[in-house]
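Encoded as structure tokens, the structure appears first; notes follow it.
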Amino acid sequence: MTTEQDLPVQDRILQLLKHLGLTKAHFAARHDGDCSGLAAAHPEVFLSLTLVGPNTVNLDSAASLGSRLMVINGDQGARSANVKHNMERAPEASLVTLRDYPVAGWTDVAEYTNEIGSVMRKFLLQVESLETQNTVAPAEGEGEFAGISYRIRGSGPPLVLFPLSLAPSQWEPLIPRLSEGYCTITLGGAELGSVASLEARGRAAGYLTMVKNLIEAANLSPGKALLEVGCGTGVLDRWLARHTGGENRIIGMDINSYFLKEAAALARKDGLEDAIEFREGSAEAIPFSDSSFDITWSITVIEEVDADRMLAEMVRVTKPGGRVAVGARAIDLPWLMNLPLPPGLKAKVEAPGVGSIAELGCADASLYQRFHQAGLTQVKMFPQLSIFDSSSRAVLDYLQAGALSRLDREEAGQWHTARSKAEAEGTFFMAWPHHCAVGTKP
């Protein structure tokens, strides 16, 4: 018997729409991962789809929407050129490029409310039909259905808003403006957006191997206090709480209040609310006094901030003799894709990627030099490959979207054929490179 937990995300969304009495709606998201399955299986429910500052665009499903698809791109960020290139395969769709708008997973809408709001309102008005005007919107309120939380504001044609990846403010700055003409339905929960991808990544055996190596190198023992800088959904703190059996004080800190709300809910669900404390704070200005923790650690955050400033703050709040441990995505190391691809194509997909890196972020081997420059001693340096196989399908699909963004249609077809063959043989995996370092505060 199929349970709610077994249902694919697109089926849950469809159930939620029916629960709210909707047969069609406008949709908006940052990445199309949340809605690509729904677009492929049920394109009839889409009045339109707007992607706001995506890192990639999966045109295998979205392109079928034709003129009902709009992508808001930026003129900054390593991925903006990829987005523009991909959109050439969807000539009927609309591409709007905003000036001084960076394409990154953490880009907030708060600084671009007027620009994004105006572009979205104009596009939605263009695609609306008589059927749209006759749609009965649900009443304002909030709740949860099929494992997806929702909050309804405003009246008019329904506009379903998927989570905006890592953006701290999510859609909140835009809700007042969008709700003037639309019934905005903001979705959340552990099944969508970056919450879902962070949870899937943090549960993957290959990823946890890297985390365990980092924690062990930090000389973890009972009684030590730990701070995770940039804890996201708290998935690694929950693992750590179980791993240590409650013998350590664990604090997870993040600048993203949206993530912290989900982190607290997930900790309660796992019965770990008393084992972990979550605090809001910036990696560049950690809200704790000097020498507060025995171990200060962070995974894939130093790429998104001022790396040297973050590292200095981590050193400051660590006790003398304590350890600072950091893992960073590596854009200077090749990937490993275990796929039967032609040599040229294999070299292309395994080449070091650009990713979303802040101007002052660190995503390369300079991490090791930075540790020494920060005054840390006994520095341990160890690049790691995080392996994701068929047991981590959600992560594989996320990583695949990034790989496909660099391929043309023929190359993408070769990729899909090779993946199907490798999965049938049970040999498909991707290995994601990271740089890891652990140092001691004198």
Side-chain angles (χ1 to χ4, degrees), residues 106 149 163 166-170 188-190 193-203 207-208 210-212 214-302 304-305 309-327 438-439 441:
W106 57 85
S149 63
L166 306 176
S169 301
Q170 294 293 305
S194 289
V195 175
S197 61
L198 288 174
E199 287 292 304
R201 186 186 70 172
R203 292 192 298 264
Y207 195 76
L208 281 175
M210 177 185 69
V211 176
K212 290 177 183 177
L214 194 70
I215 292 297
E216 289 176 3
N219 195 27
L220 174 65
S221 60
K224 291 187 175 180
L226 298 94
L227 170 68
E228 184 187 7
V229 178
C231 65
T233 63
V235 62
L236 298 181
D237 291 312
R238 299 199 310 275
W239 165 80
L240 190 59
R242 292 188 291 265
H243 181 68
T244 60
E247 295 182 338
N248 297 85
R249 180 189 178 211
I250 300 172
I251 295 180
M253 185 199 79
D254 205 285
I255 198 172
N256 193 317
S257 59
Y258 168 69
F259 280 160
L260 291 175
K261 178 181 177 182
E262 298 290 348
L266 289 165
R268 285 194 300 271
K269 184 178 179 180
D270 285 359
L272 296 170
E273 65 269 36
D274 295 329
I276 309 167
E277 178 186 346
F278 292 108
R279 290 278 299 272
E280 185 170 349
S282 168
E284 298 177 2
I286 297 177
F288 291 97
S289 59
D290 297 357
S291 305
S292 295
F293 299 94
D294 298 289
I295 298 175
T296 308
W297 64 297
S298 181
I299 303 284
T300 65
V301 176
I302 200 166
E304 303 171 5
V305 297
R309 188 171 176 181
M310 170 180 164
L311 196 53
E313 279 291 279
M314 292 180 71
V315 172
R316 179 183 65 78
V317 301
T318 302
K319 298 176 182 179
R323 302 314 202 275
V324 174
V326 173
V438 175
K441 179 176 177 178

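Nothing here was measured: the structure is a model prediction, and the numbers come from that model. For this chain, numbers begin at 1 and follow the sequence in order.
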Residues Ala241 and Ala275: closest non-hydrogen pair is CB-CB, 4.1 Å
Side chain to side chain contact (heavy atoms under 4.5 Å, CB included) for Lys224 and Asn219? Distances and angles first, verdict last.
CA-CA 10 Å; Lys224 291 187 175 180; Asn219 195 27; 3.6 Å; yes
- Query: Judged by atom type as modelled, is there a donor-acceptor pair below 3.5 Å linking the side chain of Lys441 to the main-chain atoms of Val315?
  - Reply: yes
d(Leu260 CG, Cys231 SG) to nearest 0.5 Å is 5.5 Å
Heavy-atom closest pair (Pro168 atom, Ser257 atom, distance to 0.1 Å) is O-OG, 4.1 Å
Sequence neighbours left out, cut at 3.5 Å: what donor-acceptor pairs do the side chains of residues 284-299 make with other protein atoms?
unit_1, atom_1, unit_2, atom_2, d
Glu284, OE2, Asp306, N, 2.8
Ser289, OG, Ser292, OG, 3.1
Asp290, OD1, Arg316, NH1, 2.8
Ser292, OG, Ser289, O, 2.6
Asp294, OD2, Ala225, N, 2.8
Thr296, OG1, Thr318, OG1, 2.7
Ser298, OG, Val229, O, 2.8

dist Leu226:CG -> Leu236:CG (nearest 0.5 Å) comes out at 12.0 Å
- Task: Report the C-alpha distance between Asp254 and Phe278 in whole Å, list the side-chain angles of each, state the deciding distance to 0.1 Å, and finish with yes or no for side chain to side chain contact (heavy atoms under 4.5 Å, CB included).
- Result: CA-CA 8 Å; Asp254 205 285; Phe278 292 108; over 6 Å; no
So the salt bridge (charged side-chain N to carboxylate O under 4.0 Å, His left out) pairs with at least one residue in residues 225-241 (sequence neighbours excluded) are Glu199-Arg238, Arg238-Asp270
In this structure, NZ of Lys261 is separated from OG1 of Thr233 (nearest 0.5 Å) by 15.0 Å
**Prompt:** Got more than 12 heavy atoms from elsewhere within 6.0 Å of NZ, Lys319?
**Reply:** yes
Q.
As a quick check of understanding, evaluate side chain to side chain contact (heavy atoms under 4.5 Å, CB included) for Asn248 and Leu240, giving each step before the final call.
A. CA-CA 9 Å; Asn248 297 85; Leu240 190 59; over 6 Å; no
CZ of Arg249 to CD1 of Ile276, rounded to nearest 0.5 Å, is 13.0 Å
Margin query: With heavy-atom distances below 4.5 Å as the criterion, would you say the side chains of Arg242 and Trp239 are in contact?
Written below: yes
The reported gap from CZ in Arg268 to CD in Glu273 (rounded to nearest 0.5 angstrom) is 7.5 Å
Between Leu214 and Gly327, the two heavy atoms sitting closest are CD2-N, 4.0 Å
The reported gap from CD1 in Ile255 to CD in Glu304 (rounded to nearest 0.5 angstrom) is 10.5 Å
For Ala283 and Val305 the tightest heavy-atom approach is CB-CG1, 4.5 Å
With heavy-atom distances below 4.5 Å as the criterion, would you say the side chains of Tyr258 and Val195 are in contact? yes
